[in-house]
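Structure record follows, encoded as structure tokens.
Small disclaimer: the values here were computed from a predicted structure and weren't measured.
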Amino acid sequence: MDAQVAKLKEWVGQSDNIVFFGGAGVSTESGIPDFRSVDGLYNQKYKYPPETIISRSFFDANPEEFFRFYKDKMLALDAQPNAAHRKLAEWERMGKLRAVVTQNIDGLHQDAGSKEVLELHGSVRRNFCQRCRRPFDARYMKDAPGVPKCPCGGVIKPDVVLYEECLDEATIQKSVDYIAKADMLIVGGTSLVVYPAAGLINYYRGHKLVLVNKTATPADSRADLVVHGSIGEIFAQL
């Protein structure tokens, strides 16, 4: 165990009001692709960049193309929680961690056992008919041919925040409250470049700001501890 991981483990041991703020890197280690990454397969299959496809205007105008991308790249229903998800749930059961604030939409934190999960960008697990508001699960969306439709005829929309849509104010405020009161904030698996979510760390007032990421972030210089590496491998040591 290197010095940074040892220090992180020591701080966790001393803390009982931890908040974890996570991004795509937490999910990619469970095999869920980062939909912003433009890979070879993506270039062959799609005529538009990801940011265009997952915008509200594109969803309304081109639902067939939206759902082709969505089902292929964003509905990974066979993914399982990794060591980071499991460790966070364990800390919550121990009374050390108060909340997980996540930019991810896959529901893996809940699968691992976490109870207080604030989903800034919504969840693929929740889907609603735009006409009658009937709910549908993710498996229905995955198996539906083409554009998922409700028996009433309405198009079903995933409860995820698309580009051009606003984040839920209540979720943001609750996240701010948790972060502002935390004695330790662990930021993991995020490059901290997607706003407004990335700005949430500015509300932290403590002296145990920890950044765990494979690459450097704009906030590294202000962190109290920086650990570079695989978040799953690092959390497995804690």
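- With contacts defined as side-chain heavy-atom distances shorter than 4.5 Å, the pair Asn202/Arg222 qualifies.
- Residues His109 and Val26 meet the side-chain proximity criterion, which asks for heavy atoms closer than 4.5 Å.
- Between the side chains of His228 and Asp220, at least one donor N or O sits under 3.5 Å from an acceptor N or O.
- Hydrophobic cluster of Phe128: no remaining members, since no ILVMFWY side chain lies below 4.5 Å from it.
- Crowding of Lys142 atom NZ: a count of heavy atoms from other residues, nucleotides or ligands under 6.0 Å exceeding 12.
- Using a distance-only test at 3.5 Å, with no hydrogens or angles considered, a donor-acceptor pair links the side chain of Lys71 to the main chain of Ala144.
- Between the side chain of Glu29 and the backbone N or O of Ile231 there is at least one donor-acceptor pair closer than 3.5 Å.
- Counting only distance, with no hydrogens or angles, the side chain of Ser15 and the backbone of Asn17 share no donor-acceptor pair below 3.5 Å.
- Counting only heavy atoms from C-beta outward, the side chains of Ile156 and Cys150 approach each other to under 4.5 Å.
- Using modelled atom types and a 3.5 Å distance limit, the side chains of Asn127 and Arg134 yield no donor-acceptor pair.
- Residues Phe20 and Val227 share a single hydrophobic cluster, defined by chaining ILVMFWY side chains whose heavy atoms lie under 4.5 Å apart.
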With side chain to side chain contact (heavy atoms under 4.5 Å, CB included) as the test, would you mind laying out the steps for Ile179 and Arg205 before giving the verdict?
-> CA-CA 8 Å; Ile179 289 171; Arg205 298 289 179 259; over 6 Å; no
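- Shown here is Lys96, whose NZ atom has more than 12 heavy atoms of other residues, nucleotides or ligands within 6.0 Å.
- Taking all atoms of both residues into account, the shortest heavy-atom contact from Pro218 to Ser221 is O-OG, 4.3 Å.
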Verdict with reasoning, His207 to Asp183, per side chain to side chain donor-acceptor pair (under 3.5 Å) = CA-CA 7 Å; His207 303 285; Asp183 64 3; over 6 Å; no
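- Between Phe66 and Phe58, a ring centre-to-centre spacing not shorter than 6.0 Å is recorded.
- Under the 3.5 Å distance criterion, the side-chain polar atoms of Ser230 are matched with a main-chain donor or acceptor of Glu233.
- At a cut-off of 3.5 Å, with distance as the only test, a side-chain donor of Asp106 or Ser27 sits close to an acceptor on the other residue.
- When the side chains of ILVMFWY residues are joined at heavy-atom separations under 4.5 Å, either directly or via intervening members, Leu225 and Leu88 end up in a single hydrophobic cluster.
- Ile32 forms part of a hydrophobic cluster together with Leu108, judged by ILVMFWY side-chain heavy-atom separations under 4.5 Å.
- Partners of Gln80 by side-chain hydrogen bond (donor to acceptor under 3.5 Å, both in side chains), not counting sequence neighbours: none found.
- Nearest heavy-atom pair, Gly232 versus Ala83, reported as atom, atom and distance to 0.1 Å: O-CB, 3.4 Å.
- Glu164 pairs by the salt bridge (charged side-chain N to carboxylate O under 4.0 Å, His left out) definition with nothing, not counting sequence neighbours.
- With values rounded to the nearest 0.5 angstrom, Tyr163 atom OH is found 8.0 Å from His121 atom NE2.
- When side chains are defined from C-beta on, Pro148 counts as touching Phe67, because their heavy atoms get closer than 4.5 Å.
- Residues passing the salt bridge (charged side-chain N to carboxylate O under 4.0 Å, His left out) test with Asp111 are Arg125, sequence neighbours excluded.
- Contacts of Asp177 classified as side-chain contact (heavy atoms from CB on, under 4.5 Å), with partners at least two apart in sequence or in another chain: Gln173.
- Under the side-chain contact (heavy atoms from CB on, under 4.5 Å) criterion, Asp224 pairs with Trp11, Leu209, not counting sequence neighbours.
- The salt bridge (charged side-chain N to carboxylate O under 4.0 Å, His left out) test applied to Glu10 returns Lys7, not counting sequence neighbours.
- The heavy-atom pair separating Leu238 from Ile234 by the smallest distance is CG-O, 3.5 Å.
- When every heavy atom of Arg56 is checked against every heavy atom of Gln130, the shortest pair comes out as NH2-OE1, 3.0 Å.
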Name every donor-acceptor pair, under 3.5 Å, that has one atom in a side chain of residues 184-201 and the other anywhere in the protein, sequence neighbours excluded.
from	atom 1	to	atom 2	distance (Å)
Thr190	OG1	Gln103	NE2	3.2
Thr190	OG1	Leu192	N	3.1

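- Considering only residues two or more places apart in sequence or on other chains, Asp168 meets the side-chain contact (heavy atoms from CB on, under 4.5 Å) condition with Ala170, Thr171.
- For Arg68, the side-chain contact (heavy atoms from CB on, under 4.5 Å) criterion is met by Tyr46, Glu65, not counting sequence neighbours.
- Taking the six-membered ring wherever Trp is involved, the centroid distance between the rings of Tyr204 and Phe21 does not fall below 6.0 Å.
- Between Lys87 and Glu90, at least one side-chain nitrogen of the basic residue sits less than 4.0 Å from a carboxylate oxygen of the acidic one, meeting the salt-bridge criterion.
- Put simply, the side chain of Tyr70 does not reach to within 4.5 Å of the side chain of Ile53, judged on heavy atoms.
- Nearest heavy-atom pair across Arg131 and Cys152 is NH1-O, 2.7 Å.
- Lys174 meets the salt bridge (charged side-chain N to carboxylate O under 4.0 Å, His left out) test with Glu116; sequence neighbours excluded.
- In the hydrophobic clustering of ILVMFWY residues, with side-chain heavy atoms under 4.5 Å counting as a link, Leu211 and Leu120 come out together.
- Linking ILVMFWY side-chain heavy atoms closer than 4.5 Å, directly or via other members, places Ile18 and Tyr203 in two distinct hydrophobic clusters.
- No side-chain heavy atom of Lys157 sits less than 4.5 Å from a side-chain heavy atom of Arg126.
- Within 6.0 Å of the CG atom in Asp143, the count of heavy atoms belonging to other residues, nucleotides or ligands exceeds 12.
- Tracing side-chain contacts under 4.5 Å through hydrophobic residues (I, L, V, M, F, W, Y), one never reaches Val124 starting from Val161; they form parts of separate clusters.
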